[in-house]
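So the structure is just underneath, and the comments pick up after that.
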Amino acid sequence: MQDALVSAGWARVYSWPGETAGIAELLALEAEAREAGHGLWSDPAYRIRTPDPNLLALDLDSVQIVEGRVISTAQVDGRTYLNFGFDYRSDFTISIEARDRRAFETAGIDLLALEGAEVRVRGWVYAMNGPAITIDHPERLEILSPP
């Protein structure tokens, strides 16, 4: 059922920690539906967002997919940050809590080495300085091109 909905473009992929079986296949189906403009992907309201903080401010308190280049990475008080602009106080940021880093390490993802990488992230957009998404497992982060 999920395969059919995603393939037809009537659903976006969203995973939960511990429930990630088949996510890679669903992401591939989503990409095909998106490229073909099927279903939701024909509506600009469901487009993939850019990390522009002014535009993302319009999407606060909603689930979005954001794609862009990581400008810098940092680890502060145990939390890891992937920053998409030069001013972390206002630009888009991906945040990963210390307790969730091990899942990324197990998946072979060195979060601090993603500076310069093109990535796609999906999750709840909220205000933390600028717009942010916190992720807790690697299936919500697609590395489109390495640094």
Side-chain angles (χ1 to χ4, degrees), residues 2-3 5-7 9 11-38 40-41 44-147:
Q2 291 178 15
D3 292 2
L5 289 171
V6 171
S7 184
R12 295 189 288 182
V13 177
Y14 199 77
S15 61
W16 300 97
E19 298 180 21
T20 58
I23 293 300
E25 293 82 8
L26 288 172
L27 288 171
L29 291 173
E30 180 188 87
E32 291 173 11
R34 187 173 52 247
E35 289 171 21
H38 292 311
L40 300 172
W41 300 109
Y46 293 95
R47 75 190 180 289
I48 292 178
R49 305 306 200 243
T50 68
D52 180 308
N54 294 316
L55 295 176
L56 275 177
L58 302 172
D59 294 316
L60 290 176
D61 298 325
S62 67
V63 173
Q64 298 297 331
I65 302 172
V66 180
E67 183 176 307
R69 184 165 308 281
V70 177
I71 300 299
S72 68
T73 62
Q75 198 163 315
V76 180
D77 295 330
R79 186 178 288 241
T80 304
Y81 298 96
L82 308 180
N83 300 305
F84 288 72
F86 293 107
D87 184 359
Y88 71 89
R89 292 176 302 252
S90 61
D91 290 319
F92 175 65
T93 299
I94 298 172
S95 171
I96 301 95
E97 294 187 27
R99 69 174 182 259
D100 298 319
R101 271 200 321 267
R102 183 177 307 276
F104 291 87
E105 292 166 1
T106 300
I109 300 172
D110 181 351
L111 294 166
L112 294 177
L114 290 177
E115 187 171 311
E118 185 84 17
V119 302
R120 183 181 301 136
V121 63
R122 51 191 73 223
W124 186 262
V125 179
Y126 66 98
M128 177 185 69
N129 294 320
I133 292 177
T134 295
I135 55 176
D136 54 7
H137 62 287
E139 288 76 11
R140 289 205 184 150
L141 179 69
E142 296 173 77
I143 300 170
L144 304 176
S145 67

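In this text, all values refer to a predicted model and were calculated from it rather than measured experimentally.
- Formation of a donor-acceptor pair under 3.5 Å by the Arg101 side chain with backbone atoms of Gly78 is found in this model.
- Contact record, Ala11 with Leu40: N-CD1, 3.9 Å, taken as the closest heavy-atom pair.
- Of all non-hydrogen atoms in Ala103 and Pro138, the two that sit nearest each other are O-CG, 3.6 Å.
- Closest of all the heavy-atom pairs between Ala113 and Pro147 is O-CG, 3.0 Å.
- Within the 3.5 Å criterion, the main-chain N or O of Val63 finds a donor-acceptor partner in the side chain of Arg12.
- Between Leu114 and Asp110, every side-chain heavy-atom pair lies at or beyond the 4.5 Å cut-off.
- The heavy-atom pair separating Asp100 from Asp136 by the smallest distance is OD2-CB, 3.4 Å.
- Side-chain atoms of Glu30 come within 3.5 Å of backbone N or O of Val13 as a donor-acceptor pair.
- A side-chain donor-acceptor contact under 3.5 Å links Arg49 to the backbone of Arg47.
- Annotation for Gln75: atom CD counts as buried by contact number, over 12 foreign heavy atoms lying within 6.0 Å.
- To the nearest 0.5 angstrom, Asp59 atom CG is 15.5 Å from Tyr126 atom OH.
- Side-chain atoms of Phe92 and Ile94, non-hydrogen and from C-beta on, do get closer than 4.5 Å to each other.
- The line from CG of Leu82 to CG of Leu141 is 7.0 Å long, rounded to the nearest 0.5 Å.
- To the nearest 0.5 Å, the span separating OG1 on Thr80 from CG on Leu111 amounts to 5.5 Å.
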Q: Determine, step by step, whether Asp87 and Arg89 satisfy the salt bridge (Lys or Arg N to Asp or Glu O under 4.0 Å) criterion, reporting the C-alpha distance in whole Å, the side-chain angles of both residues, the deciding distance to 0.1 Å, and the verdict.
A: CA-CA 5 Å; Asp87 184 359; Arg89 292 176 302 252; 3.4 Å; yes

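- Applying the 6.0 Å contact sphere to CZ of Phe104 captures more than 12 heavy atoms from other residues, nucleotides or ligands.
- Between the side chain of Asn129 and the main chain of Ser90, no donor-acceptor pair closer than 3.5 Å is present.
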**Q.** Derivation and outcome, side chain to side chain contact (heavy atoms under 4.5 Å, CB included), residues Val66 and Thr50
**A.** CA-CA 6 Å; Val66 180; Thr50 68; over 6 Å; no

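- Ser95 places no side-chain N or O within donor-acceptor distance of the main-chain N or O of Thr134, the cut-off being under 3.5 Å.
- Residues Ile133 and Thr93 are not in side-chain contact: their nearest non-hydrogen atoms beyond the backbone lie 4.5 Å or more apart.
- Phe84 CZ to Asp52 CG: the interatomic distance, rounded to the nearest 0.5 Å, is 13.0 Å.
- The distance from the CG atom of Asp91 to the CD1 atom of Ile71 is 8.5 Å, given to the nearest 0.5 Å.
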**Q.** Check against side chain to side chain contact (heavy atoms under 4.5 Å, CB included), Leu27 and Glu142
**A.** CA-CA 9 Å; Leu27 288 171; Glu142 296 173 77; 3.9 Å; yes

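- Partners of Ser72 according to the side chain to side chain donor-acceptor pair (under 3.5 Å) rule, which considers only residues two or more places apart in sequence or in another chain, are Asn83.
- Taking the side chain as every heavy atom from C-beta outward, Arg34 and Ile48 approach each other to under 4.5 Å.
- Under the 3.5 Å distance criterion, with hydrogens and angles disregarded, a donor-acceptor pair is assigned to the side chains of Ser15 and His137.
- Here the straight-line distance linking atom CG of Leu58 with atom CD of Gln64 works out to 10.0 Å at 0.5 Å rounding.
- Within the 3.5 Å criterion, the main-chain N or O of Glu67 finds no donor-acceptor partner in the side chain of Arg120.
- For the pair Arg140/Trp16, a side-chain contact is recorded, criterion being any heavy-atom separation below 4.5 Å from C-beta on.
- Ala33 approaches Ser7 most closely through the heavy-atom pair CB-O, 3.5 Å.
- Using a 4.5 Å heavy-atom threshold, the side chains of Val119 and Val70 count as touching.
- Side-chain atoms of Met128 and Tyr81, non-hydrogen and from C-beta on, do get closer than 4.5 Å to each other.
- When every heavy atom of Tyr14 is checked against every heavy atom of Trp124, the shortest pair comes out as OH-N, 4.2 Å.
- Using a 4.5 Å cut-off on side-chain heavy atoms (C-beta onward), Asp3 and Glu25 make no contact.
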